Trainee: 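Right, I'll just put the structure down here and ask away after.
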Protein chains: 2
Amino acid sequence: MTKPTQKRGTGCPVTFALDSFGDRWSLIIIRDIMVHGKKTYTAFLESDESIATNILINRLKQLETDGIVKKTRDPENRRSYTYTLTSKGRDLAPVLMEMIRWSGKYDTRPEAMKDAANAITQDPEDFERRLRETAP
Amino acid sequence: MTKPTQKRGTGCPVTFALDSFGDRWSLIIIRDIMVHGKKTYTAFLESDESIATNILINRLKQLETDGIVKKTRDPENRRSYTYTLTSKGRDLAPVLMEMIRWSGKYDTRPEAMKDAANAITQDPEDFERRLRETAP
DNA sequence: TAAATTACTTGCAAAATGCAAGCAATAAGG
DNA sequence: CCTTATTGCTTGCATTTTGCAAGTAATTTA
């Protein structure tokens, strides 16, 4: 198994956060759960950014180890697993929201999707509530 | 020169943000400017996380390209340069703050520095104002 | 009972990161 | 001024991480 990113031992909160989810993929997975309501390995694989299978499983394991994601069996289908956020994971909603706001302000590309940023501006509490419910 | 992380072409705001600063080092540099008032190449080199020289210059160039950081000559010392945040860079303050809050809640290590998280809880507006001023 | 689904694993290539050394332009000290 | 120190880099190479393509095992569906 490929090793997850090594953690740095300083007490800095920014470093702690980066060591937990500051890589190219972890927050994409968290977004897929929070924003798109995805729950399964194959659902994560189908996202626009096309993560590789080995990286995906690696990040899922790391997020599970860090207590951000929880893996349970799907009672309906014994070959499927359900990945959900823990409260530690749901508490990343504000981080995600501020990133979305920032991008909404500075992403000038035509393909930029500003809907989420606008929704946050209109009613941030409601947006956060919906993220935490792990929409949709 | 080593190439910076390649950008993904989806319109997703989370992806846009990650492509701008979602690597192991960019936010550490931004933290050093905002939280510790660092301005120079050598000051960044001296941070606890010990970034390599080639990576540092690579990230500074990328942050400059992305309009997050601005590089100017130091009028006092012609061999020195000053790296400062643009307004686009200063607008990352809320992202940094939410990361600090999250770490304040979940970093249980003895070395965890919770001062910043506590300060944010007590007076978030003031904390943000000070970050934007590029304290100290 | 054969084919499809789901969740992975494995091997290898490419890219990013990290380390150590060196270098050029200034500035400071004797 | 002439040597040494400072500042901001660059370069080469080893290590680590990422990415791609293929394959596998346990179900489940047709």
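These numbers come from a predicted model, not from an experiment. Chain naming here is simple, since letters A, B, ... match the order of the sequence lines and numbering starts at 1 in each.
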Trainee: Which residue, T82(A) or T53(B), contacts DNA chain C at a nucleotide closer to its 5' end, judged by nearest heavy atom?
Mentor: T82(A)
Trainee: Could you tell me how far apart R24(B) (CZ) and dT15(D) (C1') are, to the nearest whole angstrom?
Mentor: 13 Å
Trainee: Once you round it to whole Å, what is the distance between P of dG8(D) and CD1 of I55(B)?
Mentor: 18 Å
Trainee: Starting from P on dT18(D), measure out to CD1 on I51(A) and report it in whole angstrom.
Mentor: 10 Å
Trainee: CG of D23(A) versus C1' of dT17(D): gap in Å, rounded?
Mentor: 11 Å
Trainee: Can you measure from CE (M99(B)) to CG (L92(B)) and round to the nearest 0.5 angstrom?
Mentor: 10.5 Å
Trainee: Using whole Å, what does the distance between atom P of nucleotide dA5(D) and atom CG of N77(B) come to?
Mentor: 17 Å
Trainee: Give a yes/no answer on whether the side chain of R78(A) brings an N or O atom under 4.0 Å of OP1 or OP2 in dT6(C).
Mentor: no
Trainee: Just to verify, which of K7(A), R59(A), K61(A), K88(A) counts as forming a salt bridge (charged side-chain N to carboxylate O under 4.0 Å, His left out) with D66(A)?
Mentor: K7(A)
Trainee: For N58(B) and Q62(B), test the side chains for any donor-to-acceptor distance below 3.5 angstrom and give the result as yes or no.
Mentor: no
Trainee: Respond yes when some side-chain nitrogen or oxygen of K39(A) is under 4.0 Å from OP1 or OP2 of dA7(C), and no when none is.
Mentor: no
Trainee: When the distance from CG of N58(A) to C1' of dT10(C) is rounded to whole Å, what number comes out?
Mentor: 14 Å
Trainee: For a quick test of reading the model: is some side-chain N or O of K61(B) closer than 4.0 Å to OP1 or OP2 of dG8(D)?
Mentor: no
Trainee: Under the 3.5 Å rule, do the base of dT27(D) and the side chain of R79(A) count as making a donor-acceptor pair?
Mentor: yes
Trainee: Please confirm whether the shortest side-chain N or O distance from T42(B) to OP1 or OP2 of dT6(D) is below 4.0 Å.
Mentor: no
Trainee: Taking for each residue the nucleotide of DNA chain D bearing the nearest heavy atom, is the 5' side occupied by A52(A) or by A43(B)?
Mentor: A43(B)
Trainee: Output yes when a side-chain donor or acceptor of R109(A) lies under 3.5 Å from a complementary backbone atom of T10(B), and no otherwise.
Mentor: yes
Trainee: Would you tell me if any nitrogen or oxygen in the side chain of R59(B) comes within less than 4.0 Å of OP1 or OP2 on dT17(C)?
Mentor: yes
Trainee: Considering only side-chain heavy atoms of Y41(A), which listed nucleotide, dA7(C), dG12(D), dC9(D), is closest?
Mentor: dA7(C)
Trainee: Would you please confirm or rule out a distance under 4.0 Å between OP1 or OP2 of dG19(D) and any side-chain N or O of W25(A)?
Mentor: yes
Trainee: What's F44(A) touching, base or sugar-phosphate or nothing? Going by heavy atoms closer than 4.0 Å.
Mentor: nothing
Trainee: Would the base of dT5(C) count as contacting S80(A) through its side chain, where contact means a donor and an acceptor less than 3.5 Å apart?
Mentor: no
Trainee: Please determine which of I120(A), D115(A), D107(A), V95(A) meets the side-chain contact (heavy atoms from CB on, under 4.5 Å) test together with I100(A).
Mentor: I120(A)
Trainee: Report yes if a side-chain nitrogen or oxygen of Y81(B) is closer than 4.0 Å to either non-bridging phosphate oxygen (OP1 or OP2) of dT6(D); otherwise report no.
Mentor: no
Trainee: Quick check on the 6.0 Å ring-centre criterion: do F21(A) and W102(B) meet it?
Mentor: yes
Trainee: Round to the nearest Å and state the distance from I57(B) atom CD1 to dT17(C) atom C1'.
Mentor: 16 Å
Trainee: If I take atom CD1 in residue I28(A) and atom C1' in nucleotide dG19(D), what distance separates them, rounded to the nearest angstrom?
Mentor: 15 Å
